[in-house]
Amino acid sequence: MLIPHDTRIALQTVVDLVNTAPESDTGDGLADIAALYGFAERHDISGVGVLGEKDLRAVQDVRSRFAEVFAAPDARTAADLVNTLVAAAGTTPQLTNHDGYDWHVHYFAPDASIADHLAADCGMALAFIVVAGEQERLRRCEAPDCRDAFVDLSRNRSRRYCSSRTCGNRLHVAAYRARRREAAG
């Protein structure tokens, strides 16, 4: 599956945004405005400006809606959710090159809020996945103690864990140790 660079970046951003939800042991990764500024900086979100409580609540709402897309049981449901997000953001596609990045498409208006920026750009990235018939690539980690979101970009759609280094490795080591105990006992 060929995914343009800017779409890959938007997909990683939406995954990281969904994974800030307070469902994990680490708590809410967007609990305050400082965390929102940090998120925007880590993801090179341009034109953020001054953020306030209203922005924080709006981004938390967008995060919840993106989580619903990852949980959607079928492409129709995912499409409806994405359409609602993108329409509410008031998409205004435009070509741009800035901050050392080559030409790419921004789907948000130049004066858009951070929530609209995320809803439009990340929503369109998810839309491309749905249009390609690849909605099943939007997954949650299968590790029993982790429900992080990820986009399975493997060729055969076989990825099961958010990270093979952490969740995957931990479960494989546990299975190996259980087999060893069983063989010894």
Side-chain angles (χ1 to χ4, degrees), residues 1-26 28-30 39 42-45 59-89 91 93 101-108 115 117-180:
M1 178 173 177
L2 181 62
I3 300 175
H5 178 72
D6 55 326
T7 303
R8 269 185 200 271
I9 290 171
L11 288 171
Q12 188 58 56
T13 301
V14 73
V15 163
D16 292 348
L17 180 61
V18 169
N19 290 339
T20 64
E23 300 165 354
S24 68
D25 295 337
T26 58
D28 192 341
L30 288 179
F39 183 86
R42 282 189 306 281
H43 291 88
D44 291 326
I45 299 173
V59 170
Q60 289 169 338
D61 181 57
V62 167
R63 173 181 69 186
S64 296
R65 291 170 181 252
F66 281 141
E68 291 175 22
V69 175
F70 276 82
D74 54 53
R76 165 61 57 203
T77 305
D80 290 344
L81 291 164
V82 169
N83 283 340
T84 300
L85 265 166
V86 170
T91 56
Y101 295 105
D102 203 0
W103 289 104
H104 59 283
V105 179
H106 280 185
Y107 294 96
F108 54 91
H117 178 136
L118 290 167
D121 267 5
C122 296
M124 288 305 298
L126 292 174
F128 290 129
I129 295 294
V130 174
V131 165
E134 302 285 353
Q135 186 250 336
E136 74 276 1
R137 289 182 182 270
L138 306 177
R139 298 196 175 157
R140 292 289 187 155
C141 185
E142 291 182 19
D145 59 340
C146 178
R147 294 298 302 149
D148 278 359
F150 67 94
V151 179
D152 179 4
L153 296 178
S154 66
R155 284 183 185 220
N156 61 359
R157 299 175 192 90
S158 62
R159 190 169 155 199
R160 297 174 48 207
Y161 307 110
C162 62
S163 169
S164 59
R165 286 187 168 159
T166 54
C167 290
N169 190 46
R170 187 176 66 247
L171 289 174
H172 288 112
V173 168
Y176 170 78
R177 289 179 179 160
R179 286 192 305 271
R180 296 284 302 215

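Worth knowing before you read on, the calculation uses all heavy atoms, side chains too, and leaves out hydrogens, waters and symmetry mates. The model shown is predicted, which means the values in this text are computed figures rather than measured ones.
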> So Arg8 and Leu153, side-chain contact (heavy atoms from CB on, under 4.5 Å) or not? Walk me through it.
Replying inline: CA-CA 10 Å; Arg8 269 185 200 271; Leu153 296 178; 3.2 Å; yes
> Could you state the interatomic distance from CD1 (Ile45) to CG (Leu118), rounded to the nearest 0.5 Å?
Replying inline: 4.5 Å
>> Between Thr77 and Asp74, do the side chains contain a donor N or O and an acceptor N or O under 3.5 Å apart?
In response: yes
> Which pair of heavy atoms, one from Ala67 and one from Val18, lies closest together, and at what distance?
Replying inline: N-CG2, 3.9 Å
>> I need the Gln60 CD to Leu17 CG distance, nearest 0.5 Å.
In response: 9.5 Å
> Does Arg65 reach the main-chain N or O of Thr84 with its side chain, forming a donor-acceptor pair under 3.5 Å?
Replying inline: no
>> With heavy-atom distances below 4.5 Å as the criterion, would you say the side chains of Ile3 and Phe128 are in contact?
In response: no
>> Given 3.5 Å as the limit, does a donor-acceptor pair link the side chain of Arg137 with the main chain of Ile129, or not?
In response: no
> Could you give the distance from CZ (Arg160) to SG (Cys167), rounded to the nearest 0.5 Å?
Replying inline: 11.5 Å
> Closest approach of Asp28 and Thr20, non-hydrogen atoms and distance?
Replying inline: OD1-O, 3.3 Å
>> Can you classify the ring geometry of His117 versus His106 as parallel (below 30°), tilted (30 to 60°) or perpendicular (above 60°)?
In response: tilted
>> Has Asn19 got a side-chain atom pairing as donor or acceptor with Val15's backbone, closer than 3.5 angstrom?
In response: yes
> Which pair of non-hydrogen atoms, one from Cys162 and one from Phe150, has the smallest distance, and what is that distance?
Replying inline: CA-CD2, 3.7 Å
>> Taking side-chain contact (heavy atoms from CB on, under 4.5 Å) as the criterion, tell me which of Leu85, Asp80, Val86 meets it with Val82.
In response: Val86
> Can you name the nearest heavy-atom pair linking Cys122 to Ala10, along with the distance?
Replying inline: SG-O, 3.5 Å
>> Rounded to the nearest 0.5 Å, what separates atom CG in Asn83 from atom CG in Leu126?
In response: 11.5 Å
> So, does Arg140 use its side chain to make a donor-acceptor pair with the main chain of Arg147 at under 3.5 Å?
Replying inline: yes
> When rounded to the nearest 0.5 angstrom, what is the spacing between NE2 in His104 and CD1 in Ile9?
Replying inline: 8.0 Å
> So, for Leu81 and Glu68, which heavy atoms are closest and what is the spacing to 0.1 Å?
Replying inline: CD2-OE1, 3.3 Å
>> Testing the basics here: between Val130 and Ala79, what is the closest heavy-atom pair and its distance to 0.1 Å?
In response: CG1-CB, 4.2 Å
> Between atom OH of Tyr107 and atom CG of Asp121, what is the distance when rounded to the nearest 0.5 Å?
Replying inline: 7.5 Å
>> I'd like to know if the side chain of Asp152 and the backbone of Ser158 have a donor-acceptor N/O pair within less than 3.5 Å.
In response: yes
> If you draw a 6.0 Å radius around CZ in Arg155, do more than 12 non-hydrogen atoms from other residues or ligands fall strictly inside?
Replying inline: no
> Any donor and acceptor pair, going by atom type alone, linking the side chain of Glu136 with main-chain N or O of Arg157 inside 3.5 Å?
Replying inline: no
